Amino acid sequence: MYKNKATGLRGRGGLLLAAAAVAQFVVALDMAVVNVALPAIRTALGFAPLDLSWVVHVYALTFGGFLLLGGRACDLYGRRRLFVAGLLVFGVCSLAGGLAQEPWQLVAARAGQGVGAAAAAPAALALLTTTFTDGPARVRALGVWSAMNAVGGALGVLAGGVLTQYAGWRWVMLINLPIVATALVLVRAAVPSEPGPVRRERPDLLGALLATGGTGLLVFGVVRTDVRGWASRETLAALGGAALLLAAFAVVESRADAPLLRLGLLRGRWVAGANLLVFLAAAGQFSAFYFVSLYLQQVLGLGAAATGAAFLPFSVGSVAATFAATRITANRSPRTALVPGALFAAAGMAWFARISPHGSFLTDVLGPSLLTSVGIGLVFAPAAAAATTGVRPGEAGMASGLFNSARQLGGCIGVATLATVAAHHTGTATGPGALNGGYALALAVTAVLLLLAAVVAVAVLPRTPGVPRVPRPPRRRIRSADTDAPHLAPPADQRMEGTPS
């Protein structure tokens, strides 16, 4: 019988955790794996300089834009279905990207990867939160899931460098195929086929369009500031359009019978606080990968493979701290690890901000990498547990999509914003000293963001580990199409324990 060594879980529980962990690993891997390969991709496919960034940005755009829709679709159509479908789309698009012969083909493949990830990532988290009940088992499971997320992000830089230098850039896409196949085999063995939807709810198509359009415009507007600037007409139009669409989304969701995101979910301090915290923490984590990678290559002059190898201590520290966090919070409030974790990460970033153009890996990178990685590892597993605390099984996909959206948007917006800050500080200079000054300023701002995450953990999250009662959704009128006689009743899987039927 299969046994997951990290948690001691046997049988289907262990297989499910392994499937979710592998899926999260490959989704996180692809956030970073192409970064080091960009120069080789530009040479091979003939990308224009301003178009090359879309190989990175389009994945973030579609991933972040479709996450809320993917999360709610899990609740309506089945978590296993969305998990498998998302992985299949991700795998097919990875193959298409590895075989691309033209720039547009690679960009389209990366967009498809983002759509697949937006279905698979919330489905994986929803499967975990509905399989493992609140308490030590859930914390341990989410610890493994978070550890694989950290490993995927950190090893993405290493894998991208090694594969590009020794096997060719196409393998940064093709490497996904065996990983996706492994996750599909595991989930097939772990999760039985699901019956059709019990309730014939109409999908919230208007909410889906508004959420996807609003978050997509937000990501688009921010990631293009490196070219257009914050005060440009294009940027202001995109951000203004995003604000209007998201405001309309909030109005629609407050009136929908089966909303994409029930706004009452955000009235719970666990859910609201955890999502705000992870938005700030993800901005810090993604920025660390981005600016430290640039520092190693553009200032210290390391090659692709050496730059990737420099992130190994970060990966090891993140994994070790993640498992420590699961032990710390197994029978305690998530705050127990979140507060010191955010403070350690902020201190590590402040240390990173002291980088020097005449430094080295040992003097300027190794120490802050270890301290930051410990902080990041202490944050994400407890944050995932907090973001799903008190959430009903029928809304697990919704909460998972919200959490993944907060993390994805935080990372994307954080990096894009701080890249503009660094570029503004550097100006037109291209020397190592000028570049170093811009990167150091961006890392210092990142330290402030992580300090704010610690403030959120202290001020917003409850002190006690008990499960709060999530505000009850309004009763829904069941029409004659669903039953012979119309009456008022909450959906069966949204009733509180002890509520009479």
Side-chain angles (χ1 to χ4, degrees), residues 22-23 25-63 87-117 151-183 223 226-227 286 289-312 314-315 411-412 415-416 419:
V22 171
F25 171 80
V26 74
V27 167
L29 182 79
D30 267 57
M31 288 300 300
V33 72
V34 301
N35 289 347
V36 182
L38 289 177
I41 291 173
R42 177 184 175 183
T43 301
L45 297 184
F47 269 90
L50 294 181
D51 294 336
L52 186 63
S53 64
W54 278 106
V55 177
V56 176
H57 292 333
V58 76
Y59 180 76
L61 183 67
T62 54
F63 190 5
L87 284 177
L88 287 174
V89 170
F90 191 92
V92 169
C93 291
S94 296
L95 176 62
L99 300 177
Q101 301 298 316
E102 299 290 339
W104 70 266
Q105 294 172 350
L106 181 57
V107 171
R110 288 286 287 170
Q113 282 185 311
V115 174
V151 171
L155 291 189
V157 183
L158 172 61
V162 172
L163 290 172
T164 300
Q165 187 162 331
Y166 298 112
W169 71 266
R170 294 184 184 278
W171 282 98
V172 304
M173 303 290 289
L174 299 176
I175 192 64
N176 295 329
L177 298 179
I179 305 174
V180 167
T182 300
V223 300
D226 58 346
V227 176
F286 284 49
F289 290 160
Y290 181 78
F291 290 108
V292 174
S293 175
L294 289 176
Y295 171 72
L296 290 168
Q297 295 182 83
Q298 303 296 326
V299 178
L300 299 187
L302 298 185
T307 297
F311 279 86
L312 279 176
F314 195 105
S315 179
C412 181
V415 170

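We're numbering straight along the sequence, starting at 1. It should be emphasised that the depicted structure is a prediction, and the values quoted were computed from it without experimental measurement.
Partner Tyr59 forms a side chain to side chain contact (heavy atoms under 4.5 Å, CB included) with one of Val115, Val34, Val27 and no other, that one being Val27.
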Inset, instruction - Report the C-alpha separation of Leu99 and Met173 in whole Å, then their side-chain angles, then the decisive distance to 0.1 Å, and conclude whether the side chain to side chain contact (heavy atoms under 4.5 Å, CB included) test is met. - result: CA-CA 9 Å; Leu99 300 177; Met173 303 290 289; over 6 Å; no
Legend entry - Audit row: Phe289, Val415, side chain to side chain contact (heavy atoms under 4.5 Å, CB included) steps and yes/no: CA-CA 9 Å; Phe289 290 160; Val415 170; over 6 Å; no
Inset, instruction - Show your reasoning for whether side chain to side chain contact (heavy atoms under 4.5 Å, CB included) applies to Phe47 and Leu38. - result: CA-CA 10 Å; Phe47 269 90; Leu38 289 177; over 6 Å; no
Inset, instruction - Output, in order, the C-alpha distance, side-chain angles, deciding distance and verdict of side chain to side chain contact (heavy atoms under 4.5 Å, CB included) for Asn176 and Val33. - result: CA-CA 10 Å; Asn176 295 329; Val33 72; 5.7 Å; no
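Closest heavy-atom contact between Cys93 and Gln113: CB-N, 3.7 Å. Pairing each heavy atom of Gly91 with each of Leu177, the nearest pair is O-CD2, 3.2 Å. Nearest heavy-atom pair, Thr62 versus Ala111, reported as atom, atom and distance to 0.1 Å: OG1-O, 3.0 Å. For the pair Ala44 and Trp169, the tightest heavy-atom approach, listed with the atom from each and the gap, is CB-NE1, 3.3 Å. Here the closest heavy-atom approach between residue Gly156 and residue Leu29 is recorded as CA-CD1, 3.5 Å. Heavy atoms only, all atoms of each residue included: Val89 and Gly112 are closest at CG1-O, 3.6 Å.
Separating the CZ atom in Phe63 from the CG atom in Asp30 is a distance of 10.0 Å, to the nearest 0.5 Å. Taking CZ of Arg170 as the start and CD1 of Ile41 as the end, the distance is 9.5 Å to the nearest 0.5 Å.
Looking at heavy atoms from C-beta onward, Phe311 lies in side-chain contact with Ser293 at the 4.5 angstrom threshold.
Between the side chain of Gln165 and the backbone N or O of Gly161 there is no donor-acceptor pair closer than 3.5 Å.
Within a 6.0 Å radius of CZ in Phe291, more than 12 heavy atoms belonging to other residues, nucleotides or ligands are found.
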